[in-house]
Amino acid sequence: MKRLGIIFTVLFFNSLVYAQKTPEEYIRQQEQVKRTMLMKALDSGVYYMDYGNYVKADERFQYVLNNIKGVPSDLAYYFGKNSYFQKEYKQSVDWLNKYIQLKGTKGQHSEDAVTYLQKSEGELLKQKILENEKAKQVLSSDYEIDCGPSEKVICPVCHGEHVIIKRGPFGNEYKTCPYCNEHGILSCEEYNLLVKGELKPKF
């Protein structure tokens, strides 16, 4: 009974304290409570990442990102690093760059951020090279591409303009496309040779 009385006393005292606060102070206090909870969620994300549970860590970091007003620089670092472990290299590069932009070379995690940024950029480059190789393999296959009933295709080199524009030291340089006709069109046969790298320029 005595314990129950103490609880009611504490609740009554808290209600008096809140009653004395202005609406602005109350809102500010609630925002501070919310931010404290989000920082705890961030800490739990770091804990999961350190122990190799990258999926759970991502859930925690995403939750903080979706609920916080101003993204802390540390969150940019942790989210970028965890993205590397999840093989989300583009995302990793973006967030680690954000951290480095905010903190430069003197941030608490700057050295580590640069290390993982370089790793992510390396893996991203490997992905692009692999994608290009796959594209070359597809385009160099022996099958023919169906161009439709017209049997004609807009030239992908000049985009149907019959003119190729290149930036030069003294301005733009204009050159007639050596593959298509004067209307910027290729025949289906020419197009198939072009994508295989076998179409010879006309001049």
Can you tell me if CD on Gln86 sees more than 12 non-hydrogen neighbours from other groups inside 6.0 Å?
yes
Distance (rounded to the nearest 0.5 Å) between Leu117 CG and Ile100 CD1
4.5 Å
How about Tyr89 and Lys119: do any of their side-chain heavy atoms sit closer than 4.5 Å?
no
Would you check if Ser92 and Leu124 make a side-chain contact, meaning some heavy-atom pair closer than 4.5 Å?
no
The residue among Trp95, Tyr78, Tyr48 that forms side-chain contact (heavy atoms from CB on, under 4.5 Å) with Phe61 is Tyr78
Heavy-atom distance under 4.5 Å between the side chains of Leu199 and Tyr191, does that happen here?
no
Carboxylate-amine/guanidinium contact Lys98 Asp94, below 4.0 Å
no
Any chance CD of Glu198 has more than 12 other-residue heavy atoms, nucleotides or ligands included, within less than 6.0 Å?
yes
May I ask you to check whether over 12 heavy atoms, not counting those of Lys202, lie within 6.0 Å of atom NZ?
yes
For His162 and Cys180, what are the C-alpha separation, side-chain angles and deciding distance, and is it a side-chain contact (heavy atoms from CB on, under 4.5 Å)?
CA-CA 7 Å; His162 193 47; Cys180 61; 3.3 Å; yes
Show your reasoning for whether side-chain contact (heavy atoms from CB on, under 4.5 Å) applies to Tyr77 and Asp112.
CA-CA 9 Å; Tyr77 160 70; Asp112 206 33; 2.3 Å; yes
How about Val163 and Thr176: do any of their side-chain heavy atoms sit closer than 4.5 Å?
no
Would you please test Val153 and Glu190 for side-chain contact (heavy atoms from CB on, under 4.5 Å) and show each step?
CA-CA 9 Å; Val153 179; Glu190 289 172 330; over 6 Å; no
Would you say the side-chain atoms of Ser110 pair up with the backbone N or O of Gly104, donor to acceptor, closer than 3.5 Å?
yes
For the residue pair Phe85 and Tyr54, does the interplanar ring angle fall in the parallel (under 30°), tilted (30 to 60°) or perpendicular (over 60°) class?
parallel
Parallel, tilted or perpendicular, judged at 30° and 60°: which one describes the rings of Tyr116 and Tyr84?
perpendicular
Heavy atoms from other residues, nucleotides or ligands near CD1 of Ile185 exceed 12 (cutoff 6.0 Å):
yes
Kindly compute the distance separating CZ (Arg60) from CE (Met49), expressed to the nearest 0.5 Å.
14.5 Å
side-chain contact (heavy atoms from CB on, under 4.5 Å) between Asn192 and Cys147, worked out:
CA-CA 9 Å; Asn192 276 289; Cys147 304; 4.3 Å; yes
Would you give the length of the straight line joining atom CD1 of Ile164 to atom OH of Tyr174, rounded to the nearest 0.5 angstrom?
13.5 Å
